[in-house]
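We name chains A, B, ... by the order of the sequence lines, and we start the count at 1 in each one. In this text the structure is predicted, and so the values were computed from the model without any measurement.
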Protein chains: 2
Amino acid sequence: MRKRDTDKEDLVKQTAIKLIVKNGLEGFSMNKLAKACNISVATLYIYYKDRDDLILNIAMESGKLMSDTIIKDFDPELSLEEGLRQQWKNRYKFMTDHPGLNLFFDQLRSSSYQEEFLSGFLKEFKLVMGKFMQNVMERGEIEEMTFETYWAIAFAPLYALARFDNEGKSLSGKPYQMTDKVLWKTFNLVIKALKK
Amino acid sequence: MRKRDTDKEDLVKQTAIKLIVKNGLEGFSMNKLAKACNISVATLYIYYKDRDDLILNIAMESGKLMSDTIIKDFDPELSLEEGLRQQWKNRYKFMTDHPGLNLFFDQLRSSSYQEEFLSGFLKEFKLVMGKFMQNVMERGEIEEMTFETYWAIAFAPLYALARFDNEGKSLSGKPYQMTDKVLWKTFNLVIKALKK
DNA sequence: CATATAAGTGAATGAATATTCACTTATATT
DNA sequence: AATATAAGTGAATATTCATTCACTTATATG
């Protein structure tokens, strides 16, 4: 038997993400991917059943990575401020450690892969996050609110900052780069909104 | 001369948006669009120069509609709470009056059309919104903060709610539909975060 | 009514797409 | 060293794509 070249396999994954981020799913093709990796198209069909299988597999693997990063050192029994701070830390770390991966996820979110992508790695994740909110609410640290309201206040601002950062320029026209200072300033406002 | 059938022209626009929202830009083609409209592909090339021209024109027209809706009855001299409330009202109205159009914009945002799309209708818009924030800050109604932080707190939660609404189900698995109550509850938290 | 003119068409073109196939190559095991 | 087996290939296939073209149809205007 011959062993599969795991370097090549990894190259395929990285290149696929890079191409999709750059040109969108719309501008992505198997032939282009093969060419960019300097391998034969047919090789892609050894690794993956078809185009959908390729995209979904890479998506789910990346999703798992995100999920693992976000859950790290997080305990749903933490206080509102401690717990949320850890969440912001983890999510921020993921963004900076894997620049572009958020853009990759944006592509998936606005595609037909969305549902399968989310369902893949979000199960455990949902449970832990839901538990945390419930604890905090039961302890009376925050008012009664729906999960949607909670999420919208607690995390949407963070992802908005990330998008500004990715686009590299603010609405005001000035170039923009996220800094720790801006991040934690925004975090403090979020805490102010949520705390009773 | 023969007059152009404006009903048909409008059908093309509506159908294009519907198809793109449903299948993504990836799954959208001129032939499919023509078939869905029961017209010849060649007719599309009477209305538009090419595929890009078609997408961009429809995008810009929709963008203009959004911009006009959002700017209505808004005065950058309003107080923080009054001004922001009007903004939320306008943006919410746009979402409910044109369901799906936000999803269409999401598609564009993660595509190569993004830049041209934004630059088309955002100019005036940026100015007014920037002016409002500046006024509010100068008056001391909110602390010093970057435009990005301001936007992330002031509007990102609204769009997060809209996305939950579009997806029709919450992270907690229960079906979800946005209500006025949830909307204004979230708005109040946003005001709490921003107000000094 | 006649006709100029733009609207609208169905079938074609060539390029790009996903996928397959007959084939060669490397290597783990015997 | 021999060989079985999976990795890897380049060229082909069939499909879908955007775009064009020679043509017909409707109608506003003279």
Quick check on DNA chain D: between Y47(A) and G27(B), whose nearest nucleotide comes earlier from the 5' end? Y47(A)
Rounding to an integer number of Å, can you tell me how far N38(B) CG sits from dG8(C) P? 14 Å
Can you check the Y48(A) OH to dG8(D) P distance for me, whole Å? 12 Å
Contacts to DNA chain D from residues 30-37 of chain B, heavy-atom cutoff under 4.0 Å, which residues? M30(B), N31(B), K32(B)
Face-on cation placement of R91(A) at F155(A) ring, 6.0 Å and 45° thresholds: yes
Salt bridge check, K64(B) against D68(B): does any charged N sit closer than 4.0 Å to a carboxylate O? yes
Crowded around E116(B) CD? As in, over 12 foreign heavy atoms under 6.0 Å? no
Contacts of S62(B) meeting side chain to side chain contact (heavy atoms under 4.5 Å, CB included) (sequence neighbours excluded), chain-then-number -> I17(B), I58(B), L101(B), F104(B), F105(B)
Find the distance R4(A):CZ to dT9(D):P and express it as a whole number of Å. 12 Å
Take the protein atom OH of Y45(A) and the nucleotide atom P of dA11(D), then report the distance between them rounded to whole Å. 18 Å
Taking side chain to side chain contact (heavy atoms under 4.5 Å, CB included) as the definition, give me every residue that meets it alongside K195(B), ordered by chain and number, with sequence neighbours left out. L80(B), E81(B), I191(B)
Over 12 foreign heavy atoms within 6.0 Å of CD, E124(A): no
Taken to the nearest whole Å, CG/L25(B) to C1'/dA18(D) is 15 Å
What residues form a side chain to side chain contact (heavy atoms under 4.5 Å, CB included) with T96(B), not counting sequence neighbours? Y92(B)
So, are E82(B) and K89(B) salt-bridged, with charged N and O less than 4.0 Å apart? no
Sorted by position of nearest nucleotide on DNA chain C, 5' first, the leading residue of D5(B) and V41(B) is D5(B)
Side-chain donor/acceptor of S40(B) to base of dG8(C), under 3.5 Å: no
Distance flag, aromatic centroids of F74(B) and F132(B), threshold under 6.0 Å: yes
Rounded to whole angstrom units, what separation is found between the CD1 atom of I39(A) and the C1' atom of dT9(D)? 10 Å
Under a 4.0 Å threshold between the charged nitrogen and the carboxylate oxygen, would R4(A) count as salt-bridged to E9(A)? yes
Does atom NZ (K3(A)) have a neighbourhood of more than 12 heavy atoms from anything else shown, all under 6.0 Å? no
Enumerate all atom pairs, one protein N or O and one N or O from nucleotides 21-26 of chain C, separated by less than 3.5 Å.
{"residue": "dT25(C)", "atom": "O2", "partner": "R2(A)", "partner atom": "NH1", "Å": "3.0"}

Go through residues 49-58 of chain A and report each residue with a non-hydrogen atom lying under 4.0 Å from DNA chain C, sorted by number. D50(A), R51(A)
Using OP1 and OP2 only, check whether a side-chain N or O of S29(B) sits under 4.0 Å from dT16(D). no
Figure out the CG/P separation between L44(A) and dT17(C), and round it to whole Å. 13 Å
